[in-house]
Amino acid sequence: MKLFAISLRNLRVRRVSTALTTLSILLGTALLAALWLLIDQTNRRYNASAAGFKAIVGPKEGAPLALVLNTVYNLGISPGIVPVSVYKELHDRRELRYAIPQARGDTYLGFPVIGTTDEMFSKFRRGEYGELKFAAGRPFKLGHEEFMQVAADLASGKIKPGHAHDHAHDHEHDHSVPGHTHDDPWHEAVIGAEVARRGKLGIDDWITPVHGAENDPDPHVHEESKCKIVGVLAPTRTPLDASIFIPLSTFLTMDRHDDAVRQANGEAQVALSAIIVDSIAHLGANWLRREFQTRADAQVAWTTFEVSELLRLVGNATDVLRVVSWLVLLVAAVSIAVALYNTMNERRREIAIMRALGARRGQILAIILLEAVVIALIGGVLGVLACHVAAWGLADVVLDRTGVFIDWAAFTRQELGLILAVGVLGGLAGALPALKGSRTQVADNLAPTS
């Protein structure tokens, strides 16, 4: 214990050198801890976000990964369209738990507006996380049969884009929103928790979808398709939190959505962006993917496979950053060695006096080694703490840019191992100065230095 106290006193005496050396360790540790935190959180969030999306059926054009990124993570743009006949076929299959249609392309406050049916709330299951829960309100109502009738009316020309409210259920008019009906199920919306938080929205507020992306040079505001918020989803810490869901009937009949009806297999059909599928069999999604490889109307993205490939690519890139991070720590360790080694000449008389008073060489060696280890451990602990403080401060920025929620309070055993590894690295760095100090000759260094 006395040796440790002496080491701390020596560090306090050289507080400037100690602080600078500790800072270098702190920066290296923080960089490596931040990298590990981002990798771990990204893997967890991407896998958690994919729960419930066992397979995604989408247009034949485009890469399966692009389909997954757009449908699951709200990244990029929809790669194309898939005919509603594919959706009807999948919805009727008994080996599938659900087949839920989606149409994309519009936004509100930068959040994607997704047209779907109420099966997104009644049938969709996020694996072990269960169904989507509501923090407030309720889901909108648009069942499969009603959507299929709307699709048939669109294909036949009975309903035309831009006239959604003309074909909705007949209720009393709400004069606060011209052209809309009170409690009109075609003009209702369910929003994610992040949309509610950042947009400061709640039940009975209104959203007005905008055609295209947020930065579209020629945006078209869908005044004819304003939707009242009837439900706010509970937080999931996935891209679902940053999503807005409206009835698919409303989405397809918006103004400028004339491409919602396309010719497919020689007949007019409603076009969808994607179909979310969950199979009863464990490998059902892969079987479905193989089946659609020979079809011309759609393709199937096996979400588990695509996410694994994505994380593998990300992992290859982060391997380089790992090496850089360890190099930073190695340089920091060298700075410990240099700082301690340079003090040995100044401390020769001090060490000689300690030896004259009975201190053994092993004790001198231990004191200097302890100084190196203490500097490294303090820098390691502060580095990990700095990483989590930065994650707390930048969590919203990372969520906005990547869609990944960073849990800043998620400390891991890996970080404890990192701190211990930094301590060992510090001890190794202090070995040479410690050996030099322990070999200080008593008789030659007792005289005062000039």
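- Nearest approach of Ala410 to Leu37, heavy atoms of both residues: O-CD1, 4.1 Å.
- Residues Phe140 and Phe245 place their aromatic rings such that the two centres sit no closer than 6.0 Å.
- Nearest approach of Thr250 to His187, heavy atoms of both residues: OG1-N, 4.2 Å.
- A heavy-atom distance below 4.5 Å is found between the side chains of Met148 and Tyr87.
- Every pair passing salt bridge (Lys or Arg N to Asp or Glu O under 4.0 Å) that includes a residue from residues 46-56 is listed here, sequence neighbours excluded: Lys54-Asp278.
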(request) Give the intermediate values and the outcome of side-chain contact (heavy atoms from CB on, under 4.5 Å) for residues Leu69 and Leu65. (result) CA-CA 6 Å; Leu69 291 175; Leu65 179 57; 4.1 Å; yes

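- Looking at Gln41, its side chain does come within 3.5 Å of a backbone N or O of Asp407 through a donor-acceptor pair.
- The minimum heavy-atom distance between Ala189 and Ile207, with the atom names listed, is CB-CD1, 3.9 Å.
- Between Cys387 and Ala30 the shortest heavy-atom distance is CB-O, 4.0 Å.
- One distance of note links CG of Asp118 with NZ of Lys123; it measures 9.5 Å at 0.5 Å rounding.
- One distance of note links OG1 of Thr304 with CD of Glu309; it measures 12.0 Å at 0.5 Å rounding.
- When side chains are defined from C-beta on, Val307 does not count as touching Phe53, because their heavy atoms never get closer than 4.5 Å.
- Annotation: the span from His91 atom NE2 to Thr117 atom OG1 amounts to 6.5 Å, rounded to 0.5 Å.
- Checking each of Leu27, Thr29, Leu23 against Ile25 for a side-chain contact (heavy atoms from CB on, under 4.5 Å) leaves exactly one that passes, namely Thr29.
- Salt-bridge formation is detected for the pair Glu131/Arg125: a Lys NZ or Arg NE/NH1/NH2 atom is positioned less than 4.0 Å from an Asp or Glu carboxylate oxygen.
- Looking at Thr71 and Gln102, their side chains come closer than 4.5 Å, going by heavy atoms from C-beta outward.
- Between atom CD of residue Glu188 and atom CG of residue Leu142 there is a gap of 10.5 Å, rounded to the nearest 0.5 Å.
- Panel note: side chain Asp241, backbone Arg237; a donor-acceptor pair is recorded below 3.5 Å.
- Comment: Glu306 does not engage Arg289 in a salt bridge, judged by the lack of any side-chain N to carboxylate O separation of less than 4.0 angstrom.
- The two atoms that bring Pro79 and Glu61 nearest to each other are O-CG, 3.5 Å, heavy atoms only.
- A 4.5 Å side-chain heavy-atom check between Lys133 and Arg126 finds every atom pair outside the cut-off.
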(request) Apply side-chain contact (heavy atoms from CB on, under 4.5 Å) to the pair Tyr108 and Asp106, showing each step before the final yes or no. (result) CA-CA 7 Å; Tyr108 178 71; Asp106 290 350; over 6 Å; no

(request) Let me see the working for Thr116 and Phe124 under side-chain contact (heavy atoms from CB on, under 4.5 Å), right down to the final yes or no. (result) CA-CA 12 Å; Thr116 187; Phe124 182 76; over 6 Å; no

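- Between Leu252 and Val150 the shortest side-chain heavy-atom distance does not fall below 4.5 Å.
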(request) Begin with the C-alpha distance, continue with both residues' side-chain angles, and end with the deciding distance and a verdict on side-chain contact (heavy atoms from CB on, under 4.5 Å) for Ile114 and Asn74. (result) CA-CA 10 Å; Ile114 305 166; Asn74 295 335; 4.3 Å; yes

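- At distances below 3.5 Å, not a single donor-acceptor pair connects side-chain atoms of Thr107 with backbone N or O atoms of Pro112.
- Counting heavy atoms from C-beta outward, Val190 and Phe134 have side chains that approach closer than 4.5 Å.
- Heavy atoms only, all atoms of each residue included: Asn70 and Ile77 are closest at ND2-C, 3.5 Å.
- Residues Leu288 and Arg93 form a side-chain contact, since some pair of their non-hydrogen atoms from C-beta on lies under 4.5 Å apart.
- For the pair Met254 and Pro209, the minimum side-chain heavy-atom distance is below 4.5 Å.
- For the pair Tyr129 (side chain) and Gly52 (backbone), a donor-acceptor distance under 3.5 Å is absent.
- Atom CH2 in Trp186 sits 11.5 Å away from atom SG in Cys227 (nearest 0.5 Å).
- Expressed to the nearest 0.5 Å, how far CZ of Arg97 lies from CD1 of Ile276 amounts to 15.0 Å.
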